[in-house]
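What follows is one structure encoded as structure tokens, with my remarks underneath.
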Amino acid sequence: PCVSVSGIHATRPPSHASGASSSSMGELFDQQQKLISILSAPPVEIPSFDGNPLQYYPFIRAFEENVVKVVADEGSRLARLAKYCTGKAGALVQGCLIMDSREGYSRAMELLRERFGNPFTISHAWVDKVTSSSIIKFNDGLAIRQLADDLRVCHITLAAIGALGEINSLTSLQRII
């Protein structure tokens with residue numbers, strides 16, 4: 001069968017090919033299909049990261065999916081990391097640009113994780129966000145919806161990093177209400 005994506009055509013090799021060559025042809029076809037899908041997908045905008053711990057995981061996931069999985073060269077990964085990091089995060093990454101690219105990329109990711117991706121830092125930032133909001137009037141639907149959305153994302157994030165106990169304390173719950 002023939003597959004067409006954005007004017008690029010690929011044809012699966014015949015299934016009657018013999019043994020090892022059939023397997024390698026099938027793998028080559030699968031790699032070709034993956035490349036076609038990557039090239040034909042609309043570009044993804046990776047958000048910049050300024051060091052806000054609340055944005056650490058969304059940024060890292062976007063960076064991993066759209067840079068790390070696609071770009072093999074660590075020097076190019078480091079250059080892209082420097083491009084997307086601003087503020088405090090950018091300052092940390094900038095210091096790694098003078099290092100060997102492999103060491104610099106590894107060190108930059110390590111520094112970002114230590115400084116902004118620490119579960120304690122993230123859980124503390126989320127608890128502060130959902131407990132320090134101003135008093136919401138009962139008829140302010142938009143503010144109630146925003147608090148509900150923040151609580152939902154807070155719960156998902158804290159559950160993912162194993163820190164749900166931080167928000168489940170009586171003190172935190174009283175501050176939210």
Side-chain angles (χ1 to χ4, degrees), residues 1-123 125-126 149-150 152-164:
C2 182
V3 178
S4 176
V5 179
S6 299
I8 302 171
H9 303 285
T11 305
R12 182 171 280 286
S15 59
H16 63 275
S18 65
S21 67
S22 173
S23 174
S24 63
M25 288 297 288
E27 289 174 17
L28 184 60
F29 178 80
D30 292 341
Q31 289 175 352
Q32 184 182 33
Q33 289 304 106
K34 184 177 180 181
L35 182 59
I36 289 170
S37 68
I38 289 170
L39 293 174
S40 63
V44 174
E45 293 295 323
I46 298 174
S48 62
F49 179 62
D50 64 1
N52 179 350
L54 302 179
Q55 296 304 313
Y56 174 78
Y57 279 113
F59 169 74
I60 289 297
R61 295 295 175 257
F63 189 80
E64 287 173 347
E65 290 297 321
N66 297 287
V67 175
V68 175
K69 286 186 177 179
V70 179
V71 178
D73 176 57
E74 289 171 334
S76 296
R77 288 178 182 177
L78 180 59
R80 284 168 175 78
L81 188 62
K83 175 185 177 192
Y84 294 119
C85 288
T86 63
K88 294 175 186 175
L92 280 178
V93 173
Q94 288 296 316
C96 298
L97 290 174
I98 61 171
M99 302 169 84
D100 169 72
S101 59
R102 177 175 291 152
E103 184 182 342
Y105 173 70
S106 177
R107 183 69 175 138
M109 292 298 283
E110 179 184 330
L111 288 171
L112 290 173
R113 184 174 40 258
E114 287 174 1
R115 180 87 174 273
F116 308 110
N118 178 307
F120 176 78
T121 303
I122 293 170
S123 62
W126 270 112
D149 290 345
D150 288 345
R152 181 170 288 118
V153 175
C154 174
H155 182 270
I156 291 168
T157 303
L158 296 184
I161 64 174
L164 207 48

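Remember, predicted model here, so these are calculated numbers, not experimental data.
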Is any side-chain heavy atom of Leu28 less than 4.5 Å from a side-chain heavy atom of Gln31?
yes
Please report the interatomic distance CG(Asp30) to CD(Glu27), rounded to the nearest 0.5 Å.
7.5 Å
Which donor-acceptor pairs under 3.5 Å do the side chains of residues 79-93 make with protein atoms, sequence neighbours left out?
unit_1 : atom_1 : unit_2 : atom_2 : d
Arg80  : NH1    : Ser76  : O      : 3.3

Under the side chain to side chain donor-acceptor pair (under 3.5 Å) test, residues paired with Glu65 that sit two or more places apart:
Lys69
Close side-chain approach of Met109 and Ile60, heavy atoms under 4.5 Å
yes
Partners passing side chain to side chain donor-acceptor pair (under 3.5 Å) against Asp50 (at least two apart in sequence or in another chain)
none
How long is the span from the CD1 atom in Ile161 to the CD1 atom in Ile122, to the nearest 0.5 Å?
5.0 Å
Heavy atoms, side chains only, cut-off 4.5 Å: are Tyr56 and Asn118 in contact?
no
Please round to the nearest 0.5 Å and tell me the distance separating atom CG of Leu112 and atom CZ of Phe59.
7.0 Å
Could you list the residues that satisfy side-chain contact (heavy atoms from CB on, under 4.5 Å) with Glu110, not counting sequence neighbours?
Arg107, Arg113, Glu114
Glu64: partners by salt bridge (charged side-chain N to carboxylate O under 4.0 Å, His left out), with sequence neighbours left out:
Arg61
Residue set satisfying side chain to side chain donor-acceptor pair (under 3.5 Å) with Glu74, at least two apart, ordered chain then number -> Arg102
Tell me, which pairs form a ring-ring contact (aromatic ring centres under 6.0 Å, His included) where one or both residues lie in residues 96-117, sequence neighbours left out?
Phe49-Phe116
Identify the two heavy atoms, one from Ala108 and one from Leu78, that lie closest to each other, and give their separation to 0.1 Å.
CB-CD1, 4.0 Å
